[in-house]
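Lettering follows sequence order; numbering is per chain, from 1.
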Amino acid sequence: MNDVKVFALSTCIHCRNAKKYLDECGVKYECVHVDELTGDERKQAVDEIKKHNPAVSFPTIVIKDKVVVGYHKDKIDAALKGE
Amino acid sequence: MDAKQLFESLKKLQEPKGYHFNDDMDMTMPLLESLLINKERLGYMACPCRLANGEIDADRDIICPCTYREDDVKEFGACYCALYVSKEYNDGTIEKQVVPERRPPEKILF
């Protein structure tokens, strides 16, 4: 699956755990470490996150048309199954 | 300073105030390491689970321990990143849950 995007912070433990869980599930995903971006790139990432999660918190995981905010295994599972 | 030294010095300061480190060391030690990374990167220990602006005046509310810790520990038994928790949280007498973000997104400036 290539349509999973994770907005994360490189220093965030919940982000790290969520990515680890996706890895364990064998899910391929694109990860953006927003804290490592600067200038326009960062602004664009924040604007994109706002569309999915107005609180701009991390991780924000976009799975197809579903959004999981924070490290919730059950919600990730459900979104991966398309529920 | 390494994470272990930070652990020891903060423990002495925070425990008497009723804030305990999460006894899940797989959470606590990486979080302390991340605080040191932020200290190195930014010059101050911004919350590792939040997007820091990179300017101390714009990030005062999220310098650890953050402004939101008191309300979060009171309501959820843990701060937003779950570094600081209540005694009940560590004892397992309250349910562990994901703490929602309380910081207004308007605080993200850069």
Side-chain angles (χ1 to χ4, degrees), chain A residues 5-25 30-63 66-80, chain B residues 3 6 21-42 44-55 58-59 61-64 66 68 72 76 78-85 95-110:
Chain A
K5 194 166 181 178
V6 181
F7 293 97
L9 301 175
S10 65
T11 50
C12 169
I13 190 70
H14 308 299
C15 300
R16 210 174 296 173
N17 288 339
K19 287 191 288 173
K20 197 173 152 208
Y21 185 62
L22 289 171
D23 289 338
E24 283 166 11
C25 294
E30 181 193 347
C31 175
V32 181
H33 280 152
V34 185
D35 58 324
E36 290 175 344
L37 302 177
T38 53
D40 282 349
E41 267 190 328
R42 181 171 171 131
K43 203 184 161 303
Q44 276 166 19
V46 171
D47 286 344
E48 196 181 336
I49 296 165
K50 263 191 190 149
K51 284 184 212 153
H52 300 293
N53 168 22
V56 195
S57 57
F58 300 89
T60 294
I61 307 168
V62 184
I63 300 172
K66 301 273 189 328
V67 180
V68 179
V69 174
Y71 176 39
H72 293 272
K73 275 188 189 180
D74 50 347
K75 289 184 187 171
I76 293 173
D77 288 342
L80 287 172
Chain B
L6 187 61
F21 280 127
N22 191 333
D23 63 9
D24 180 353
M25 286 301 140
D26 290 336
M27 294 286 289
T28 295
M29 294 320 278
L31 282 167
L32 289 170
E33 280 160 21
S34 290
L35 281 176
L36 292 171
I37 290 171
N38 278 348
K39 171 113 175 133
E40 182 89 25
R41 275 185 185 172
L42 308 166
Y44 48 92
M45 290 196 281
C47 174
C49 298
R50 289 183 165 111
L51 184 60
N53 291 304
E55 286 181 12
D59 285 332
D61 62 318
I62 55 163
I63 295 176
C64 186
C66 69
Y68 312 100
D72 282 340
F76 302 104
C79 72
Y80 179 63
C81 53
L83 175 65
Y84 288 112
V85 302
E95 193 197 344
K96 293 179 183 175
Q97 51 184 312
V98 175
V99 179
E101 175 60 299
R102 200 184 280 274
R103 186 191 204 205
E106 298 76 42
K107 295 267 190 185
I108 298 174
L109 303 176
F110 304 101

(message) Would you say that B/Leu83 contacts B/Phe21 through its side chain, given a criterion of any heavy-atom pair below 4.5 Å between the two side chains?
(response) yes
(request) Please state whether the side chain, the backbone, both or neither of A/Leu9 comes within less than 4.5 Å of a heavy atom of chain B. (result) side chain
(request) Determine the minimum heavy-atom distance between A/Ala45 and A/Leu37, stating which atoms define it. (result) CB-CD1, 3.7 Å
(request) Might you point out which heavy atoms bring A/Val6 and A/Pro59 nearest each other, and give the distance in Å? (result) CG1-CB, 4.4 Å
Taking atom types as modelled, which donor-acceptor pairs link chain A and chain B at under 3.5 angstrom?
residue, atom, partner, partner atom, Å
A/Ser10, OG, B/Arg41, NH2, 3.0
A/Thr11, O, B/Ser34, OG, 2.8
A/Thr11, OG1, B/Pro48, O, 2.7
A/Cys12, N, B/Pro48, O, 3.4
A/His14, NE2, B/Tyr80, O, 3.3
A/His14, NE2, B/Cys81, O, 3.3
A/Asp35, OD2, B/Arg41, NH1, 2.8
A/Arg42, NE, B/Phe110, O, 3.0
A/Arg42, NH2, B/Ala52, O, 2.5

(message) What part of A/Pro54 gets within 4.5 angstrom of chain B, counting heavy atoms only: side chain, backbone, both, or neither?
(response) backbone
(message) Restricting to non-hydrogen atoms, name the atom on A/Ile13 and the atom on B/Cys81 that form the minimum distance, rounded to 0.1 Å.
(response) CG2-O, 4.1 Å
(request) Search all heavy atoms of B/Pro105 against all heavy atoms of A/Ala55 and return the closest pair with its distance. (result) CB-O, 4.0 Å
(message) Ignoring hydrogens, what is the shortest heavy-atom contact between A/Val34 and A/Phe58? Give both atom names and the distance.
(response) CG2-CE2, 3.7 Å
(request) Go through the atoms of A/Val46 and report whether side chain, backbone, both or neither lie under 4.5 Å from a heavy atom of chain B. (result) side chain
(message) Counting only non-hydrogen atoms closer than 4.5 Å, does B/Leu51 touch chain A with its backbone (N, CA, C, O), its side chain (CB onward), both, or neither?
(response) both
(request) Would you check if B/Leu31 and B/Cys49 make a side-chain contact, meaning some heavy-atom pair closer than 4.5 Å? (result) yes
(message) Can you give me the closest heavy-atom contact between B/Pro48 and B/Leu35, atom names plus distance?
(response) CD-CD2, 3.7 Å
